Structures are given as structure tokens and as C-alpha cells.
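Counting convention: from 1, in listed order, for ligands and their atoms alike. For clarity, every value in this text was computed on a predicted model and none was experimentally measured.
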Amino acid sequence: MTAPHPALAATDPELAALVGAEERLQAETLRLIPSENYVSQAVLEASGTVLQNKYSEGYPGRRYYEGQQNIDRIETLAVERAKALFGVDHANVQPYSGSPANLAVYLAFARPGDTVMGMALPMGGHLTHGWGVSATGTWFHGVQYGVRQDTGLIDFDQVRELALKERPKVIFCGGTALPRTIDFAAFGEIAREAGAVLVADVAHIAGLIAGGAHPSPVPHVDVVSTTTHKTLRGPRGAMLMSREEHAKALDKAVFPGLQGGPHNQTTAAVAVALHEAAQPSFRHYAHAVVANAKALAEALLARGFDLVSGGTDNHLILMDLTPKEVPGKIAAKALDRAGIVVNYNTVPYDPRKPFDPSGIRIGTPSLTSRGLGTEHMAQVAAWIDRGVAAAGAGDEDALLTVRAEVAELMAAFPAPGLPV
Ligand SMILES: *Cc1c(COP(=O)(O)O)cnc(C)c1O
């Protein structure tokens, strides 16, 4: 294999070797982490440009540095594409990532000590939705809702009761382990009744929304927060979107409230990803992600796996391995040795500890980007089944056999930037 990064290999062979090893890992494995993806060659190229070299504090037309003729046009392009794609009045494309984007939301709408509300982390929420170990749960009084134990679906009676009792300044909806469609309208009604600012954190599902495979939160919420690197298939970054009335507060919170100079190379790559997401092929991609997840869920159910909420409406499946008598972490580590990359995850009402929980979380954005279709999902389920069984039996040979089979299939489905 030729070195794809000649300057890097010449300057720093040690680092180049590590990058090469990662490229092979991403090429040969079946990556099922639902928050991960493969960006296009165009996005890769945009994020590796000389835009790295610029400082651009401020916003287009209102910068604190000269020499912004091109940067202003690039950021404006990203903003206009985000507005068109998601149908919003305002977009800020500068947040460094999802967590700082959410911090900016708090800075815009709450003061330390205020009550904020979100889904509990072990129920499928995100750290930044007011969970205790996060700054958002330390600087604010975080109250947390969950899902119903019988259905695995968001408990809207609890959401409403909590919101009316606690009167939070900000309510977050969305999460990291929610396999079902989020009812943004129901959240909107509750937030209006409680007088709270409602934020849809669609980090996981932004690509599905852009591609028409999940309903949009835009008509129902005050702010949309999203990362750009999950189903949206852009570079690592984030955006905040809103109606015009919240534009100033959000912009001020991002800069100068929280950040300095925006990462222009990322802004450019976000613009490219948004352009790609506006194409008909991306609508096809978003629907294929969901079709693959549904097919995979069906195949897993047929093999006796217990899926939280009984299946999926989106890109993500949360499996409770209790009936298989294999803890999530043991299963995840065994699957990793079998070339299937997943993460161990708590399931709602998990009797085990977060660092050693009962479940694993899987998703289809990456495999769909590589071109796998519903016809491959029975095979994927069979590998997972064999991997989990081998984990329980301590059968390392079986894991290596699966690893070889996985590598053989994946070799037929190349991804941008990876060796073939
Ligand atoms: C991934 C994610 C985030 C955080 O994004 P980072 O870029 O990792 O900081 C925030 N909220 C939700 C719902 C997420 O899924």
C-alpha cells in the first residue's frame, strides 16, 4: 500500500504509521457506533485546507481581524446552506462541537443556579442536558425525565408534571440512545405551558431530518442544536439554529460568550457537507440508514435479542443483553475483537453500573455510507449473535473467524480516504 500522506510520513513516521493503522482499522471493521460515520472525500479535503491558518473572531462582515474576504464568503455559504436545508431563520455554524453548542444555549437563556431540564443520561439523554457530572448539572439545577419502563418510550406524563412543577428555564429534548421518533410537538406544547425555552438537540438524527427520514423539530421548538459529524456526515463540529428572535442571543453566547476564533477549515467542511445533504442522493442515504436499522432490528429480534422499545424508527438500536447472560462491556469488547465496533451502554432502569452496564448500542449510519443494504443485515445480525455467544463462551477462535468474514465483506465496500 502506498503512503497516502507523503509529507506526514516524511516528517513524522511514527504518527503517520498510527494514522495508517487507523485507516486500516476503519477499512476492515464493521463500524456500528451510531454517532460515527464516514465523511466524503470532499469533506476530508475541505477540512485539511489552509483555512487552518486563519483567525476570524466575529461574524461575516463584523470581524476583529482583517483579511477575511474569503472566510466571510465561506461562513456565509455554510450559514445560508444550513438555513435552506433545515428551513430556519438563523444558523450559527461556529460551535466547536455539540457540547460547547449546548453550553452556549445555557449561556443565552439561563443563569447559574437556574433550573434546567433534560433526559437523564442513563435513560438515553446527553451529559450536557443537565446531568450531574457535567458542568451543566453543576452550574444549573438539573431536573431529569426518562422513559417508561413498560414501553421504553419517553414518559410525557412525567415530562409535563416535572416541567409544570419545576418551571425550568430551558428544556432539552433529544438524546444519544433513543431508538424511536421524537414527538417534538408534544414537547413544544409542554414547554409553552411551562414557559420554558425548548431546545431540540438533534445531534444524532440531523442527517435523518435533513434527508426527510425523521420529522423536523423546527415548527415546534425555539432552538435546534446539532453536531455536524453524526448522521449529517460532515466534519466534527456543531450548529445552533433558531427563529430570528433568538438569533442575537445565540450568536452572542457562542462568540464572545464562550469561544474565540471559529475553526474555518471546519466551517468550510460543514458547508460542503450541507451541500451534499441537499442532494437527492442524501435523501436516499437517510432513508437507507433507517431501512437498514429496521432490517437489522428484525434480524436481531428473530435471533432472540431484547431491543429497548422493541425495535427502532431511526438509525439506532439499543440492546439489553440480560437474557443472553453476557454483560454489555464483555460483549462490546468481544465484538471489537471480532471486527465489529459497538459501544456498551446503559439500558433504561439498568440494574448494573454505567461503567459495566447491561446493554450495547449499535447503529447503521456508517455501514450505510459504505453501501451495505438491507440484504446484508441478516448477516450482520448473525455476526453479532455469534460474537455475543463467543463472548459468553470465551471462544476467541470464533471471534477471529467472524473478524475474517467481516474484513472480507468490508473489502468489497470501500470508504473515502481509506486504503483499498
Ligand atoms: C454527540 C452529542 C452531543 C455532543 O457532541 P460532542 O461533539 O461530542 O461534544 C450532544 N448532544 C447529543 C444528543 C449528542 O448525541
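- Defined by atom type and a distance below 3.5 Å, a donor-acceptor pair is missing between the side-chain atoms of D114 and H141.
- Protein residues lining ligand 1, listed by chain and number: S97, G98, S99, N102, H126, G175, T176, D201, A203, H204, T227, H229, K230 [non-hydrogen atoms, distance under 4.0 Å].
- Among pairs with a residue in residues 154-163, those fulfilling side-chain hydrogen bond (donor to acceptor under 3.5 Å, both in side chains) read R160-E193, at least two apart in sequence or across chains.
- Here the CG atom belonging to N37 is positioned 10.0 Å from the NE2 atom belonging to H315, to the nearest 0.5 angstrom.
- For Y344, there are no side chain to side chain donor-acceptor pair (under 3.5 Å) partners, not counting sequence neighbours.
- Identified under the side-chain hydrogen bond (donor to acceptor under 3.5 Å, both in side chains) test for residues 292-301, with sequence neighbours left out: N292-T368.
- Seen from the ring of Y285, R233 counts as a face-on cation partner, given the 6.0 Å and 45° thresholds.
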